[in-house]
Amino acid sequence: MSGILVITQQKNRMSAETLAAGQQLGAALNLPVSAAVIGTSDAGEFADKKLDHIYTVDDPLLKAYTPDGYTAALEQLIRLKKPQFVLLPHTYQVRDFAPKLATRFQQVLVSDVVDFRAAPGSVVMVRQLFQGKLNADVKFGGEAPYFASLQAGAFRAENAVRADTPVSVESVPVQLDASKIRSRPEEPFREAQRAVDLTAASIIVSVGRGIREKENIPMVEELAKVMGAELAASRPICDNGWLPMERQVGSSGQTVAPKVYIAVGISGAIQHLVGMKGAKTIVAINKDANAPIFEVADYGIVGDLFEVVPALIEEVKKAKG
Amino acid sequence: MKIIVAIKQVPARDSQLRVDSAGKWIQTSGLSFEINEPDAYALEAALQLKEKNGGEVLALCAGPAGASQTIREALAKGADRALHIEDDTLNDLDTLAVSRLLAKAAAAENPDLILTGLQSDDLGYGQTGVVIAELLGMPHATLIMEVEKKDAAVRVKRELEDGWFQHVELPLPAVLTIQSGISKLRYATLMGIKRAKTKEVKRLTAADLGVELQPTITIDRVYAPVRTKQTQILEGSAKEAAAKLVEKLKFEVRVL
Ligand SMILES: Cc1cc2nc3c(=O)[nH]c(=O)nc-3n(C[C@H](O)[C@H](O)[C@H](O)COP(=O)(O)OP(=O)(O)OC[C@H]3O[C@@H](n4cnc5c(N)ncnc54)[C@H](O)[C@@H]3O)c2cc1C
């Protein structure tokens, strides 16, 4: 077995990040890198990247995503091409099928990888534990192929090397049996139109579970008001109905890039960070000096938000005169 | 409908974590533990399905002896009985090995539905439910927000990225991984706590299940992440720190 296979997901920006990571791993291990495109015969955005091959896997049964269909198709591709490493973007879709695919090979997907250290004969995957509070080095074992999925934003798409010569595109036929596809997916949909557009805000004050109770929300609401900011929240706040869903920032909410993002009592789980990492300046107010939010913060106040927020309201009022 | 809910015990959410002396896991002495948050929602979903459609809810937990606390709580909330695969070495295993244990124990019960949380707050691999489904030859769906029982099927609402959703229908038996926050969690009543004491907890070992405890992937080292960004920590009392922040926002960031 040899080589690295990157399994892409159409119309998902994380595919290009995974491709760049695949190229880095290939360079470190001296292995050729190929990409697989599923559900279309069009190599699309990957055609200009430096790759050994692009494999397109197309079939009417792959038009709509199902874990059964994707797993069957990719199992056949992997058995045919025998890569040593299979890399995937850690998208919601990959979370859905990749553990199943790895199990077919008696393997375990090393999921949500943020970095790796690789030299011939030694590959270590780095991933987070405890929602980002600790890191772990993970080693593969057993027989290849070795599977890993990569966290959003952990590798830079713009590092992907372009091809100097056209990449060979090979269509790989697969045998799929409609009766073995057990789930019936319906059309994806969005709930009611969003009334709040957080993406236009230049200052965002965002509140997390550190606020403890619904009754305490008005305090951050006031901070937002005096600062002329939009109010946003982490997911648990919206799940509890303390603020409407449309104010949620993160992978299942809105992605924002304001001038200033002030995170109040938010721990900084990756699903939240992907929604606000693009802010120009990030301020974190948290009582836990080890909270992962400080990984991305430009300014931090380590303290009790119930003391800091009222003080901040006063100081902002003073500064605005 | 017979529903199995796989639950895991993890360190309480705001725990201060320290790496153990071997550098391979955390120091667990002195920590308090609780049910993995998404698993609490899986249990809630199971109890609601039972209330609507009748049947039985079984809590299935692989963990050390101390996990019996979390199992009792599940029984107190309304699970009918429990299976405890007792083992102290599960931290050295990986998802596949643990899923083999869970799948083997679940299969003996012939469930219609198996629910798990979508990921654990400690390891966070996010795979156990999917791997159990594959081992048992059952269909599955992940990141589930709603479950509706049909004749011999379930219709579920899956979460997709960026505020998108999708309905999927699956024939039973099936495995679902449940998203956090999808409903309000119930508290155990006094009556429930009393009754939990009389409910059956069946203890099993890996040997009983005939599963070999052999990991495929291994954690080599656990450590505090290295900070890549220079965070300016604004020191002092709340008032002093607030004043410093306002100054930064006014004169350096220029937004006030
Ligand atoms: C598939 C998936 C999608 C998700 N999508 C999203 C998403 O879109 N958006 C999102 O936000 N999350 C999302 N999540 C959830 C995410 O993983 C975290 O659980 C969530 O972001 C945690 O929210 P939090 O930081 O408010 O709460 P916690 O993690 O509980 O953090 C609370 C923080 O408050 C601090 N604190 C407590 N009391 C005080 C005090 N008095 N003063 C100061 N600080 C205090 C604590 O130190 C802690 O750091 C998703 C998860 C999954 C699995």
Side-chain angles (χ1 to χ4, degrees), chain A residues 67-68 91-92 95-96 99-100 103 106-112 124 128-131 133-142 182-186 188-191 202-203 235-236 239 251-253 259-260 281 283 294-303 307-308 311-312 315-316 319-320, chain B residues 14 17 19 26 94-96 121-127 130-131 133-135 139-143 159-171 180-181 215-225 227-229 231-234 238-239 241-243 245-246 248-250 253 255-256:
Chain A
D68 287 337
T91 60
Y92 290 14
R95 293 172 69 115
D96 196 60
K100 181 177 171 76
T103 304
Q106 307 299 309
Q107 267 299 340
V108 180
L109 169 74
V110 181
S111 56
D112 215 5
V124 174
Q128 298 172 317
L129 302 177
F130 298 95
Q131 307 230 24
K133 287 187 191 153
L134 293 172
N135 274 6
D137 288 349
V138 180
K139 286 190 166 163
F140 294 111
R182 296 164 290 184
S183 51
R184 298 268 161 274
E186 298 169 25
F189 65 95
R190 242 188 174 154
E191 297 207 313
S202 79
I203 310 177
R235 179 169 184 142
D239 281 342
S251 60
S252 40
K259 269 197 192 145
V260 182
T281 301
V283 180
F294 289 114
E295 301 283 312
V296 300
D298 299 279
Y299 300 107
I301 297 178
V302 179
E307 292 173 20
V308 176
L312 199 51
E315 292 300 325
V316 173
K320 288 202 159 176
Chain B
D14 281 346
L17 303 173
V19 177
I26 53 159
D94 57 21
T95 344
L96 181 57
D121 287 340
D122 53 357
L123 279 167
Y125 282 119
Q127 304 180 32
V130 181
V131 176
E134 172 64 15
L135 294 173
H140 77 266
T142 55
L143 280 116
E159 177 179 330
L160 308 176
E161 276 118 337
D162 298 322
W164 288 81
F165 300 93
Q166 180 181 38
H167 283 110
V168 180
E169 192 166 308
L170 302 163
S180 274
T216 308
I217 59 169
T218 43
I219 293 183
D220 202 38
R221 195 166 73 92
V222 172
Y223 49 98
R227 289 253 162 93
T228 48
K229 192 153 174 179
T231 307
Q232 269 193 58
I233 298 291
L234 307 172
K239 189 172 158 48
L245 178 58
V246 167
K248 299 282 180 200
L249 293 178
K250 191 162 178 179
V253 190
V255 288
L256 285 182

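Here is how names work: the chains are called A, B, and so on, in the same order as the sequence lines, proteins then strands, and each is numbered from 1. Scope of the values below: all heavy atoms of this structure, side chains included, with no hydrogens, waters or symmetry mates.
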Side chain, backbone, both or neither of A:V283 within contact of chain B (heavy atoms, under 4.5 Å) = side chain
Of all of A:T91, A:I203, A:T103, which one pairs up most often with chain B through heavy atoms under 4.5 Å apart?
-> A:T103
Test item: B:T216 side-chain N/O and A:Q107 main-chain N/O as donor-acceptor pair under 3.5 Å = no
Region of B:K239 that comes under 4.5 Å of a non-hydrogen atom in chain A = both
For B:D162, does its backbone N or O pair with a side-chain atom of A:R190 as donor and acceptor, under 3.5 Å?
-> yes
Interchain contact, A:S251 with chain B, by part (heavy-atom threshold 4.5 Å) | backbone
Check: A:Y299 main-chain N/O paired with B:K248 side-chain donor or acceptor under 3.5 Å | no
Ranked by heavy-atom pairs below 4.5 Å to chain A, first place among B:G181, B:A241, B:A141 goes to B:G181
To the nearest 0.5 Å, how far apart are CG in A:L129 and CG in B:D121?
-> 12.0 Å
With a 4.5 angstrom heavy-atom cut-off, could you sort out which part of A:V260 is near chain B: side chain, backbone, both or neither?
-> side chain
When only pairs under 4.5 Å are counted, which of A:V108, A:V308, A:L312 shares the most heavy-atom pairs with chain B?
-> A:V108
Name the orientation class of the two ring planes belonging to A:F189 and B:F165 (parallel below 30°, tilted from 30 to 60°, perpendicular beyond 60°).
-> tilted
Donor-acceptor contact present, side-chain A:K100 to main-chain B:V130, <3.5 Å | no
How many angstroms lie between atom OG1 of B:T231 and atom CG of A:D298, to the nearest 0.5 angstrom?
-> 7.0 Å
Measure A:K320 against the heavy atoms of chain B and call it side chain, backbone, both or neither at under 4.5 Å.
-> side chain
Taking it one step at a time, do B:L143 and A:D96 satisfy side chain to side chain contact (heavy atoms under 4.5 Å, CB included)?
-> CA-CA 8 Å; B:L143 280 116; A:D96 196 60; over 6 Å; no
Out of B:V253, B:L170, B:T218, which one racks up the most heavy-atom pairs below 4.5 Å with chain A?
-> B:T218
Options A:P67, A:A136, A:G142, ranked by heavy-atom pairs under 4.5 Å with chain B, top entry = A:A136
Just by distance, do the side chain of B:Q166 and the backbone of A:P185 share a donor-acceptor pair under 3.5 Å?
-> no
Bottom line for A:Q106: the part with an atom under 4.5 Å from chain B's heavy atoms is both
Given A:D137 and B:Y223, is the side chain to side chain contact (heavy atoms under 4.5 Å, CB included) satisfied, shown in steps?
-> CA-CA 9 Å; A:D137 288 349; B:Y223 49 98; 2.6 Å; yes
Measure from the side-chain N and O atoms of B:E159 to the backbone N and O of A:S252, and report whether any donor-acceptor pair falls under 3.5 Å.
-> no
